[in-house]
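Here is the structure we will look at.
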Number of protein chains: 2
Amino acid sequence: MRRTPVGRQTRARGIPEATVARLPLYLRALTALSERSVPTVSSEELAAAAGVNSAKLRKDFSYLGSYGTRGVGYDVEYLVYQISRELGLTQDWPVVIVGIGNLGHALANYGGFASRGFRVAALLDADPSVVGSTAAGLPVRHMDELESIVDSQQVSIGVITTPPGAAQQVCDRLVEAGVTSILNFAPTVLTVPDGVDVRKVDLSIELQILAFHEQRKSGEEPEEGRPAEEPARERAPGPVRAAAAKLRRAAGAAKDAKELGENDRQAVLPA
Amino acid sequence: MRRTPVGRQTRARGIPEATVARLPLYLRALTALSERSVPTVSSEELAAAAGVNSAKLRKDFSYLGSYGTRGVGYDVEYLVYQISRELGLTQDWPVVIVGIGNLGHALANYGGFASRGFRVAALLDADPSVVGSTAAGLPVRHMDELESIVDSQQVSIGVITTPPGAAQQVCDRLVEAGVTSILNFAPTVLTVPDGVDVRKVDLSIELQILAFHEQRKSGEEPEEGRPAEEPARERAPGPVRAAAAKLRRAAGAAKDAKELGENDRQAVLPA
DNA sequence: TAGATTGTTAATCGATTAACAATC
DNA sequence: TAGATTGTTAATCGATTAACAATC
């Protein structure tokens, strides 16, 4: 059992990961209040705006410190600042985006980057026919420039929007160049050394989770795959034959599965 | 304390939410093995491919049933089928995408849709200058057609890729039309009636979580926001003045916060 | 039979929640 | 002072993990 906190499991300064993941939600809600010049907000109101319950919000805030006032609530501007600081948004974060396809374009145009201290340091692609074009007013540069860009602009965050086949290779180069945080849009399990954080955004997975619940709503629970009682299966002498037996049992099933099974090499969002 | 399982908290058929979220990962790894015609796989091998540990994988599979063979491992084709069935991927899921901007385009072109039983039933947009164009070979249709499309094609899943200002309104129309699962790319907290599932994909939040950890790696922990000891604050007679005092204390902070705070109205990925 | 690997148990850990004392 | 609301406690719940008996 690992006791040394590492990577995403880290509870830096005692702030639980689940709390960290909600801080951006609170920040967004607070920013909206700030723009409406609302001076203070109660945990109840803010929780409603962020879509959580107020007990959770107060618990979350308690990890940051006592920034509220009993009987009054929280000062909006003060909390905006404290959360921004806690999240590291009071500094500039240069980001490279690798793989300028449809999704890369979409991200390059994403206005939310700049507003949160994230600055697009460069757009990179390996395809010569893409290199030299512009996206969101920035030139697409060749992958060969990756190392010099990361080095000269002190880039520590990389976004991967390549096809899945290229993702690990791109990841390796990013890490080698000095990037220590990666946001991966390719449907690939990335292997990284200790000390490098990877977060994953995967449309396919989200849709599949929705489908799981949707299936149950319509009352069409999938029928049991295994028989109610153990069938009199042929005794097989060794492991290989045991597996073969199971394969036979699954024969009809496999046919169906084939229809879905192919095609996992595609990008979540092809570049 | 709520005892009736509802929405995403549901543990349908006793399968924990955390397990459901990993099933697509296993399915992806299994599909890759299937394509390489690998007949069986051990929990250890499959776990490595999926990026989890083997104890977790075996525990996850135990919720589905006993699909492995002791001493042998799991039959790849059989598991592919069982997981597909469990996730509801053995049926067709028509999906509408609302908001055909950069991101909407990217999603429309996403090959992973079809391969998992998800079929783009329609692309919709409210902007007349976008309606009529094509994306991924499909015509962009006007929002006014939403209801008839959802109804005639039995659409139960909707993807929102609109600017945040339009998201709730679009969501309401989707729900009203009969959609009961929503994948939301807009940085908006959506309110939906019971029985409707919402999942959220938010680039901004992912980047902020990375920034939080990145900040700690560089050893630049943010200095404490509140003083080490309680300052001799002016006694204020009522709540309003107490809040005002806090505001004053936060004055310097607020200036900084302003630089980050604006701009939350933008789309995660503007359409 | 011997080796391999599953399926399950039980311990532990982390997250959520209601409730309420503290206090503005 | 009376009302409001925070910050914290403690109970509960869900998820993770190591270990190992079961069994192929």
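The structure presented is a predicted model; accordingly, all values stated were derived computationally and were not measured.
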Under the salt bridge (charged side-chain N to carboxylate O under 4.0 Å, His left out) test, which residues partner A:Arg22, sequence neighbours left out?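 Partners of A:Arg22 under the salt bridge (charged side-chain N to carboxylate O under 4.0 Å, His left out) test: A:Asp60.
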
Please name all residues satisfying salt bridge (charged side-chain N to carboxylate O under 4.0 Å, His left out) with B:Glu206, sequence neighbours left out, ordered by chain then number.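 A:Arg199.
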
Would A:Arg216 count as a cation-pi partner of A:Phe212, with NZ or CZ less than 6.0 Å from the six-membered ring centre and within 45° of the ring normal?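 A:Arg216 over A:Phe212 ring: yes.
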
Under 4.0 Å between a side-chain N or O of [X] and OP1 or OP2 of [N]?
{"X": "A:Tyr74", "N": "D:dG7", "result": "yes"}
{"X": "B:Ser43", "N": "C:dT6", "result": "yes"}
{"X": "A:Arg22", "N": "C:dT16", "result": "yes"}

Mind listing the residues from residues 49-58 of chain B sitting with a heavy atom below 4.0 Å of DNA chain C? Number order is fine. B:Arg58

Set of residues satisfying side-chain contact (heavy atoms from CB on, under 4.5 Å) with respect to A:Asn53, sequence neighbours excluded: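 Listed in chain order: A:Ala55, A:Lys56.
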
Tell me, please, which residues at least two apart from A:Thr191 pass side-chain contact (heavy atoms from CB on, under 4.5 Å).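 For A:Thr191, the residues satisfying side-chain contact (heavy atoms from CB on, under 4.5 Å) (neighbours in sequence not counted) are A:Gln168.
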
I'd like to know if the side chain of A:Ser84 reaches the main chain of A:Val80, judged simply by a donor and an acceptor atom lying under 3.5 Å from each other, with no hydrogens or angles considered.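 The answer is yes, because a donor-acceptor pair under 3.5 Å joins these two groups.
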
So which nucleotide from C:dT17, C:dT23, D:dA21 ends up closest to the side chain of B:Arg70? D:dA21

Intra- and interstrand pairs of DNA chain D - dot-bracket, Watson-Crick/G-U under 3.5 Å, | marks other strand: ..||||||||||||||||||||||

For A:Tyr67 and A:Phe61, I'd like to know if the aromatic rings sit close, meaning centre-to-centre distance below 6.0 Å.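 Not close enough - the centres of the two rings lie 6.0 Å or further apart.
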
